Amino acid sequence: MDFMQQLVQQLINGISLGSIYALIALGYTMIYGIIKLINFAHGDIYMVGAYIGYFSITMAHLSIVPSLIISMVVTGLLGMLIERLAYKPLRHAPRISVLITAIGVSFFLEYTSMYFVSPTPRTFPAVFDNIAYHFGPFIINGQQMLIFGITFILMVALTYIVQRTKIGKAMRAVSFDTETAQLMGIDANRIISITFGIGSALAAAGGVLVGVYYNSIDPLMGIMPGLKAFVAAVLGGIGILPGAMVGGLILGVIEALVSGFVSSTFRDAAAFAILILVLLFKPSGIFGKNTREKV
Amino acid sequence: MNSLRKTDLIMLVFGVALFIVLQGLITGRILNSFWQLNLIILCINIILSVSLNLINGYTGQFSLGHAGFMAIGAYVSVVLTTNFHWPFLIALLAGGAGAGFLGFLIGLPTLRLYGDYLAIATLGLGEIIRITIMNIEYVGGAAGFMNIPHNTTFTWAFFLMLATLFIIKNFVNSTHGRACIAIRENEIAAEAMGINTTKYKVMAFTIGAGFAGVAGGLFAHCFYIINPTSFTFMQSFNYLIMVVLGGLGSITGSIAGAFAVTFVSAGLASWPEFRMIIYALMLILLMFYRPQGLFGYIEITDFKIFSRFRGGRKS
């Protein structure tokens, strides 16, 4: 019974961590789906989101929900700006050039923020009292409830946008075949820009939630979650939205189990091991279909 | 072929002359210990950037795991010199062989991936290597390995660097190297021309990893302590910056890149944020205006001056 209790507790922790990975992974997968770019800077956009959330809570004395919205809007605009300045001029350049640019953007965000907000970690303010909800022998705390709730709302909203609105339809068309979509009168540049905006806003939400969950943020906090969210996106099948959600949750759970039952130092190694196994055995991911490369 | 040998000889003479001048400056105490250390680091960085260039630039396989191989070389060689008292050179070569062997084992499955997937997979492998080392108590775990003999001198670093340059240059100019370049240009076309792409990709990866291991050994014996945090993927990015700056596919470029990055890092050591911001902007601007890097595919030996030594024959 003791083992079972610990297992379920780790599952709960894993799902809350996994929800955050899922939020970041969604942005990765959307951007990859539309311009085939691994946006290395995505993890750093998430860090910027966390800082904007932090400043709107501590300086503007807003509560969590308005701060979350402000952070999502500002970070979304930042994402669009980055796309406009750094990636758009390279739309037809080789993939590796764009990848190197993305690494450059990532460094730029990390170290300019480090310059402005100092490299020392900051304590994220406690947004509400730490209430623990008991479900039988299991404990879910307030932060975890908040993470579940907000992630759920955002995912529903995203699914609605992508599946039911005109913009979502255009996004799906551009990601399916950019040139044909343009011939049908879709402004691909605008759609790509919007995709970056939405993806960055989701990452920002993830950043604020991580701040709430771990109480600590720093300018380099985005590197590891960024890479892991990429793993999650690949695990679910890159370019596929439900894949990113499921991939994020699975990754979070595996990580929680590894740190709970093996050793927390192997946590990061586990994520990369999953990546390599997935790439070797089912590179298209859980939800992906196999495609063959043609000459 | 004959003209190539001649160029090699000229470069060797030039290299030895450079060494004598620098060594003279060191013995004459004109260069203080800070710059002396930086010269050693420069030699190590050149080995790393040239070997990474073999993988990323010549073979076109985007690897971000160089720091991991460096870590293997470093740890294998320090264990051999400190705990088993092997001679320095043998230990370095053993470290290189260890890293190369691991590169071979890892390369075999991973190199089936391409482009950005390979980049992230190698980055992950580098991290797995580092985390595994961190959990091995025998080599000190996260605290690091201590009491390493201070064996790396400028002479060692310089001549191992020359040897690396010579071997990699000749590899690139051999049949194998041509096969690697063909893979970079178009993998499918290369395969259609009868090149065993997997073999050459793994070969380039193994050689690159091996030299990274040697460089890791030199690096480790430069300080009295090493720990796993010296080998994070940020370190791999550092070498990537050198290679990209100099030109993917130019040994001269990698040397120039290593030179620029080493001295910019040394000069801005007190302002680490600025250093990284400069690198970041440099990467972005390079990709906009000169994606092939400073040197592109050009080598210093391609310049006119050298064709005179080749008996006027145009290469």
Side-chain angles (χ1 to χ4, degrees), chain A residues 32 36-41 85-87 89-90 93-116 118-119 219-220 223-224 227-228 230-231 234 238 263 265-281 283 293-295, chain B residues 56 60 62 64 106 109-110 112-132 134-135 141-142 186-189 191-192 228 232-234 237 240-241 243-244 248 271-289 291-293:
Chain A
Y32 188 90
K36 301 282 172 288
L37 158 73
I38 295 181
N39 186 10
F40 249 103
L85 293 179
Y87 301 143
L90 295 171
R95 293 262 293 276
I96 290 301
S97 302
V98 192
L99 184 68
I100 294 172
T101 311
I103 295 175
V105 173
S106 156
F107 281 158
F108 185 76
L109 288 176
E110 280 159 21
Y111 290 91
T112 30
S113 346
M114 199 180 260
Y115 180 70
F116 284 113
S118 92
L220 297 182
I223 302 176
M224 263 302 150
L227 292 171
K228 285 181 191 161
F230 173 75
V231 176
V234 172
I238 198 147
S263 153
T265 46
F266 277 112
R267 224 173 63 160
D268 298 346
F272 289 119
I274 293 171
L275 172 76
I276 289 158
L277 292 178
V278 171
L279 286 177
L280 291 180
F281 294 108
E293 193 189 355
K294 295 185 196 113
V295 180
Chain B
N56 285 20
F62 207 81
L64 288 178
I106 289 173
T110 336
R112 281 167 41 195
L113 308 169
Y114 55 92
D116 1 16
Y117 285 109
L118 179 67
I120 306 254
T122 45
L123 192 158
L125 283 169
E127 282 296 286
I128 292 177
I129 292 175
R130 188 177 69 84
I131 294 165
T132 313
M134 217 157 88
N135 284 288
N186 189 330
E187 195 170 332
I188 297 170
E191 202 160 8
T232 58
F233 57 89
M234 292 305 274
F237 281 138
L240 180 76
I241 292 171
V243 173
V244 172
L248 287 158
W271 301 280
E273 291 102 356
F274 280 123
R275 196 187 81 193
M276 293 309 292
I277 293 172
I278 290 173
Y279 288 163
L281 289 176
M282 198 183 71
L283 277 182
I284 298 171
L285 293 176
L286 263 179
M287 287 303 114
F288 280 7
Y289 298 109
Q292 72 273 43

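As the structure is a computational prediction, the values presented were derived from the model and not from experiment. Here is how names work: the chains are called A, B, and so on, in the same order as the sequence lines, proteins then strands, and each is numbered from 1.
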> Any chance you could measure B/Ile131, atom CD1, to A/Asp268, atom CG, to the nearest 0.5 Å?
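Interatomic distance, B/Ile131 CD1 to A/Asp268 CG, rounded to 0.5 Å: 4.5 Å.
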> Select one option (side chain, backbone, both, neither) describing which atoms of B/Ala119 are under 4.5 Å from chain A's heavy atoms.
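Looking at B/Ala119, just its side chain touches chain A.
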> B/Met282 versus chain A, heavy atoms under 4.5 Å apart: side chain, backbone, both or neither?
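Neither part.
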> For A/Tyr115, is it the side chain, the backbone, both or neither that has a heavy atom under 4.5 Å from a heavy atom of chain B?
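Its backbone and side chain both get close to chain B.
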> So do the side chains of B/Ile120 and A/Phe40 get within less than 4.5 Å of each other, counting heavy atoms only?
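B/Ile120 vs A/Phe40: side chains touch.
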> Measure up the A/Phe107 and B/Phe237 rings against each other and bin them: parallel (under 30°), tilted (30 to 60°), perpendicular (over 60°).
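Ring orientation of A/Phe107 relative to B/Phe237: perpendicular.
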> Would you mind checking which part of A/Leu85 comes under 4.5 Å of any heavy atom in chain B, side chain (CB onward), backbone (N, CA, C, O), both or neither?
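A/Leu85 touches chain B through backbone heavy atoms alone.
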> Between A/Pro119 and chain B, with a heavy-atom cut-off of 4.5 Å, which part of the residue counts as in contact: side chain, backbone, both or neither?
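Only the side chain of A/Pro119 comes within 4.5 Å of chain B.
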> Measure distances from A/Leu280 to the heavy atoms of chain B and classify the residue's part below 4.5 Å as side chain, backbone, both or neither.
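Contact with chain B involves both backbone and side-chain atoms of A/Leu280.
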> B/Phe274 versus chain A, heavy atoms under 4.5 Å apart: side chain, backbone, both or neither?
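For B/Phe274, the side chain is the part near chain A, not the backbone.
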> Contact part of A/Val105 toward chain B, heavy-atom cut-off under 4.5 Å: side chain, backbone, both or neither?
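A/Val105 touches chain B through backbone and side-chain heavy atoms alike.
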> If you count heavy-atom pairs within less than 4.5 Å of chain B, which of A/Leu99, A/Leu109, A/Ile100 leads?
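Answer, by heavy-atom pair count under 4.5 Å with chain B: A/Ile100.
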> Name the region of B/Ile278, side chain, backbone, both or neither, that has any atom closer than 4.5 Å to a heavy atom of chain A.
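No part of B/Ile278 comes within 4.5 Å of chain A.
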> Can you say whether B/Leu64 sits under 4.5 Å from chain A via the side chain, the backbone, both, or neither, judging by heavy atoms?
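For B/Leu64, the contact with chain A is made by the side chain alone.
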> Closest heavy-atom contact between B/Ala280 and A/Gly104?
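What the structure gives for the nearest pair is CB-O, 3.2 Å.
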> Work out which heavy atom in A/Leu279 is nearest to a heavy atom in B/Ala121; give both atom names and the distance.
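Here A/Leu279 and B/Ala121 meet closest at CD1-CB, 4.0 Å.
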> Side chain from CB out, backbone as N, CA, C, O: work out which of these in B/Pro109 comes under 4.5 Å of a heavy atom of chain A, or both, or neither.
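For B/Pro109, heavy atoms of backbone and side chain both lie under 4.5 Å from chain A.
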> Non-hydrogen atoms of chain B under 4.5 Å away: do they reach the side chain of A/Leu275, the backbone, both or neither?
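Answer is side chain: those atoms of A/Leu275 sit under 4.5 Å from chain B.
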> Which bit of A/Tyr32 comes within less than 4.5 Å of chain B, counting heavy atoms only: side chain, backbone, both or neither?
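Answer is side chain: those atoms of A/Tyr32 sit under 4.5 Å from chain B.
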> Mind checking the OH-CD1 spacing from B/Tyr117 to A/Ile238? Nearest 0.5 Å is all I need.
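It comes to 5.0 Å.
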> Counting C-beta onward and ignoring hydrogens, is there a side-chain heavy-atom pair between A/Ile276 and B/Ile128 closer than 4.5 Å?
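Contact flag for A/Ile276/B/Ile128 side chains = yes.
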> With a 6.0 Å cut-off (strictly less than), is the heavy-atom count around CZ of A/Phe266, excluding the residue itself, greater than 12?
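Buried by this count: over 12 neighbours within 6.0 Å.
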> For A/Leu90, is it the side chain, the backbone, both, or neither that has a heavy atom closer than 4.5 Å to a heavy atom of chain B?
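Only the side chain of A/Leu90 comes within 4.5 Å of chain B.
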> Between B/Ile241, B/Thr132, B/Val244, B/Asn135, which shows the greatest number of heavy-atom pairs under 4.5 Å with chain A?
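Top option by heavy-atom pairs under 4.5 Å: B/Asn135.
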> Within this structure, what is the CD-CG distance for the pair B/Glu127 and A/Leu227, rounded to the nearest 0.5 Å?
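So the CD of B/Glu127 and the CG of A/Leu227 are separated by 8.0 Å.
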> Among the options A/Val231, A/Thr265, A/Val234, pick out the one with the most heavy-atom pairs lying under 4.5 Å from chain B.
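The answer is A/Thr265.
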> Do A/Phe272 and B/Leu123 have side chains that approach each other closer than 4.5 Å (heavy atoms only, starting at C-beta)?
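Side-chain contact under 4.5 Å: yes.
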> CZ of A/Phe108: more than 12 outside heavy atoms within 6.0 angstrom?
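At most 12 heavy atoms, drawn from other residues, nucleotides or ligands, come within 6.0 Å of this atom.
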> For the candidates A/Ser106, A/Ala86, A/Ser263, which exhibits the highest count of non-hydrogen atom pairs separated by less than 4.5 Å from chain B?
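Counting heavy-atom pairs under 4.5 Å, the top option is A/Ala86.
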